[in-house]
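Report on the following structure.
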Amino acid sequence: MLTTPDFTEITPTADIRTDRHGNRAKCLQRLVRLDLPVPPTVALPFDTVRAIAQGRMPDLAQVLGLFGPDTLVSVRSSSEAADWGGPGTILNIGMNDAQAERLAAIHGQSAADAFYVNFIRSYAVDVLRLDEDAFEGPLTPRLAKSQFEDEMEEEFPQDPTVQLAQVLKSMARAWEGTTARLLRQAKGAPADAGLGLVVQQMALGPGKGLSGAGVVQFVSSETGEPQVTGRYLPQGQGRAALSKSEARYIEHDERGPSLEDDAPETVAALREAALLMRTRLREEMQIEFTLMDGHLSLLDAVRAPRSARAEVAIAVSLAEDGIIPRHEALTRIAPNTLNQMLHRQVLPDPHRDVLTTGIAAAPGAAQGRICFTAAAAQASAAKGEACILVRRETSPEDIRGMHAADAILTERGGMTSHAAVIARGLGVPCVAGATQLQIDSRKKSLTVPGRKVFHEGDIITVDGSSGEVLVGAATMIEPALGGAFATLMDWADAERDIGIRANADTAGDAAMAQRFGVDGIGLCRTEHMFFEAGRLTVMREMIFAENPEDRAAALERLLPMQRADFQGLFELMRGQPVCIRLFDPPLHEFLPGDREGIHALAEALDLPASRVASRIENLQEFNPMLGMRGVRLGITVPEIYEMQARAIFEATIAASRKGAPVVPEIMIPLVSARREVELVKARIDGVASAVKSETRKEFTYRLGVMVETPRAALRAGEIAEHSAFLSFGTNDLTQMTYGLSRDDAGRFMSAYVHQGVFAEDPFTQLDIDGVGELLLLGAERGREARPDVTLSLCGEHGGHPQSIGFCRRAGFDYVSCSPFRVPVAKLAAAQLSILDKHLPHDVDLDIGADD
Ligand code: PEP
Ligand code: MG
């Protein structure tokens with residue numbers, strides 16, 4: 001036999017549990033235990049709400065019997081985690097003709113009528129889901145009731161238990177709706193997550209004397225600093241104070257009347273209650289309160305809403321005040337929250353005009369004029385005008401335009417496409433793979449189906465954090481790396497047990513990385529140094545050299561430039577390790593792709609255009625990603641690596657003279673065979689000996705290999721014999737393990753993820769099962785051959801908490817990621833080590849661990 005669904009009155013000793021009654025019910029019990037003035041409240045557990053959805057009610061007369069006679073009640077949802085949502089609150093249940101009469105006697109007929117009509121409307125529209133239009137416009141209670149009767153073919157219920165039953169049923173069913181389920185599952189709720197409900201005694205609406213309702217918190221939602229925020233509405237109810245212009249300030253305020261003006265002792269009591277909650281619930285809470293003839297009740301308290309910046313400030317301040325331990329402050333913040341603090345953000349606005357969306361490839365937001373070429377972007381930047389570089393996809397030729405642009409938008413590409421990788425390195429917001437974009441580069445225009453055409457010079461906003469492209473200039477929020485952020489980073493450093501380095505190619509990147517306190521540079525992609533103005537021409541001369549002498553002459557001119565680059569990096573990093581990757585991309589990437597460029601180059605080199613064109617054609621490859629790049633170029637044109645090695649060694653000597661001794665790390669890219677390493681090593685050792693004897697200076701260096709091909713991972717044992725370190729380049733390793741082009745995968749990735757072929761884009765989230773297995777194999781074989789080999793990961797996955805967890809478990813020494821990902825990586829690493837060190841019950845992510 002089915003038992004009657006149960007309920008529990010919330011008293012200090014009642015058995016109320018978050019996993020049975022929900023987080024609001026538990027929080028209310030905590031307030032009751034703190035002796036705060038919470039009105040009588042009843043909690044309906046998840047099982048009861050499930051029974052209600054199936055039509056079995058608890059004994060509602062008994063529920064209402066717990067409150068005084070003639071009491072109105074409210075019902076609020078109480079899901080297990082606050083952010084899983086739940087149906088909206090319904091107030092004033094029990095309102096009927098008799099109550100309206102009582103109200104009229106106190107406040108006059110018109111106030112009582114308005115109150116009654118409001119309830120009928122909310123009951124009809126929010127509870128029974130009747131058509132809103134039927135209850136619009138000025139109504140009297142009589143008219144509203146007859147409207148109700150027309151729609152429902154029954155009288156408006158006068159019995160509070162009937163009203164309550166409807167409300168409970170409607171809320172229980174709303175929780176089971178598909179949209180609600182999908183929304184909460186997106187926040188991590190399990191498929192069978194339950195809903196609890198709380199029924200609470202209300203004041204009878206408008207009251208005598210000082211009566212009304214308000215919402216208050218004592219911390220700013222934007223900054224997390226102490227600040228009284230909220231409003232109070234005389235004769236109001238619920239959260240109405242927050243939306244009504246006639247609402248009052250809480251504290252005395254020059255701008256208008258305040259609650260404190262009328263009732264200073266109430267504001268003092270609220271302040272005291274918030275302080276008590278802060279210390280005992282260990283959280284900054286937002287309080288909903290009512291006053292009934294001067295008597296204060298606290299109806300509800302929820303975690304004060306907060307921006308990323310406020311989240312950090314609040315956690316740090318709770319720890320600094322000794323309310324929570326430091327390790328808990330660190331675990332309270334989701335690592336990706338920090339992303340929002342490091343970049344400019346678009347102010348959340350429901351009315352924003354979204355032109356299209358793509359992959360959120362580099363975080364931050366920027367607005368500016370549309371430019372379709374790198375040259376236009378540079379010209380725009382030279383005029384001091386913000387610009388957005390819009391390309392079908394970017395290539396190394398665009399690098400200067402990308403530098404100049406405030407944001408980058410591409411039609412093609414994914415998380416590791418050229419545009420995405422460079423943008424993240426530069427800290428420039430980027431949306432890639434916006435496949436709906438139709439770019440007409442000849443007409444210099446863009447559009448998406450069904451929208452107007454945008455021309456060069458029109459203003460758009462690119463939000464690289466959300467992947468949205470907005471029409472016009474959106475309102476922005478500036479980044480704020482205040483004291484609390486720095487404190488949090490210091491605490492994370494003290495806790496973490498895996499190194500965090502940065503991928504940095506320029507002095508600017510390195511300076512940014514230093515600002516975030518990295519352990520060194522894990523990847524300096526040297527090819528990015530050759531695209532700078534002035535160098536490109538010398539580079540091209542080197543490529544076009546007809547004989548070894550001419551090539552040597554061009555390299556001779558590149559040498560001092562590279563030496564200065566490396567010296568700059570070494571000095572900036574002050575003795576910390578700097579891992580320099582030898583030249584990686586195919587040579588043809590340095591050559592122009594259009595007729596105009598070919599003519600200009602022919603002129604500069606004093607060669608016939610036809611010769612230049614045919615040379616370029618000779619260098620073209622069917623599949624450059626698998627062609628003559630990386631070490632293959634080093635083996636075929638060894639002079640380039642020799643020049644780079646010399647530049648590194650000479651810079652080492654110069655920088656060591658000025659400060660801490662530098663031990664450079666030289667990394668060979670795209671290795672797949674042991675012999676490749678042997679050949680390159682022999683040449684580099686030769687250069688080292690030559691530089692030592694020329695300068696009569698001693699230095700040491702570490703030579704290592706970038707493991708980016710499946711074969712290198714499988715043969716890591718023999719490769720490690722010649723390598724002081726192995727750094728896994730998971731961008732190429734993912735590409736080659738899947739046989740999936742980094743630059744083209746964006747076209748079908750969303751279909752693949754949508755249909756569950758891939759749980760996530762493997763270029764964003766490390767594929768633990770496949771690529772991960774290669775990493776483990778490589779690490780194991782490498783370590784077996786050379787126990788002291790340094791292991792690291794330097795692909796884009798390096799800044800992702802999940803991959804950091806993986807690398808940590810696999811015993812890697814460090815991960816390396818874009819400078820802007822460093823804070824996220826540090827926090828994630830700290831959290832992982834905390835979770836290992838402390839028992840799970842020590843780390844309370846929920847409010848109120850004190851009971
Ligand atoms: C990689 O392949 O993971 C890597 C870091 O190198 P790149 O992205 O420059 O190919
Ligand atoms: Mg690579």
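All residue numbers in this chain count up from 1 along the given sequence. Atoms within each ligand, like the ligands themselves, are counted from 1 in listed order. All values derive from a computational prediction rather than experimental measurement.
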For the Mg ion (ligand 2), which protein N/O/S atoms are closer than 2.8 Å? Glu708 OE1, Asp732 OD2

Tabulation required: pairs of a nitrogen or oxygen in ligand 1 and a protein nitrogen or oxygen under 3.5 Å; columns are atom names and distance to 0.1 Å; otherwise 'none'.
| from | atom 1 | to | atom 2 | distance (Å) |
| --- | --- | --- | --- | --- |
| ligand 1 | 2 (O) | Glu708 | OE1 | 2.9 |
| ligand 1 | 2 (O) | Asp732 | N | 2.9 |
| ligand 1 | 2 (O) | Asp732 | OD2 | 3.1 |
| ligand 1 | 3 (O) | Gly729 | O | 3.3 |
| ligand 1 | 3 (O) | Thr730 | N | 3.1 |
| ligand 1 | 3 (O) | Asn731 | N | 2.7 |
| ligand 1 | 3 (O) | Asn731 | ND2 | 3.4 |
| ligand 1 | 6 (O) | Arg581 | NH1 | 3.0 |
| ligand 1 | 8 (O) | Arg525 | NH2 | 2.8 |
| ligand 1 | 8 (O) | Asn731 | ND2 | 2.9 |
| ligand 1 | 8 (O) | Arg742 | NH2 | 2.8 |
| ligand 1 | 9 (O) | Arg525 | NE | 2.7 |
| ligand 1 | 9 (O) | Arg525 | NH2 | 3.4 |
| ligand 1 | 9 (O) | Arg581 | NH1 | 3.0 |
| ligand 1 | 9 (O) | Arg581 | NH2 | 3.0 |
| ligand 1 | 10 (O) | Asp732 | OD2 | 3.0 |
| ligand 1 | 10 (O) | Arg742 | NH1 | 2.9 |

I want to check something: taking the side chain as every heavy atom from C-beta on, are Thr394 and Ile422 in contact at a cut-off of under 4.5 Å? no

With no hydrogens and no angle check, do the side chains of Thr416 and Glu796 hold a donor and an acceptor under 3.5 Å apart? no

Among residues at least two apart in sequence or on other chains, which ones pass ring pair (Phe, Tyr, Trp, His ring centres under 6.0 Å) with Phe544? none

Applying side-chain contact (heavy atoms from CB on, under 4.5 Å), run through Ile500 and Phe516 and close with a yes or a no. CA-CA 10 Å; Ile500 309 286; Phe516 293 141; over 6 Å; no

Under the ring pair (Phe, Tyr, Trp, His ring centres under 6.0 Å) test, which residues partner His343, sequence neighbours left out? Phe820

Going from CZ on Arg581 to CG on Asn503, what distance comes out if it is rounded to the nearest 0.5 angstrom? 9.0 Å

Can Thr526 and Gln644 be counted as having a side-chain donor-acceptor contact under 3.5 angstrom? yes

Please determine whether the number of non-hydrogen atoms from other residues, nucleotides or ligands lying under 6.0 Å from atom CZ of Phe699 exceeds 12. yes

Could you tell me if Glu393 and His418 have a donor-acceptor pair between their side chains, going purely by distance under 3.5 Å? no

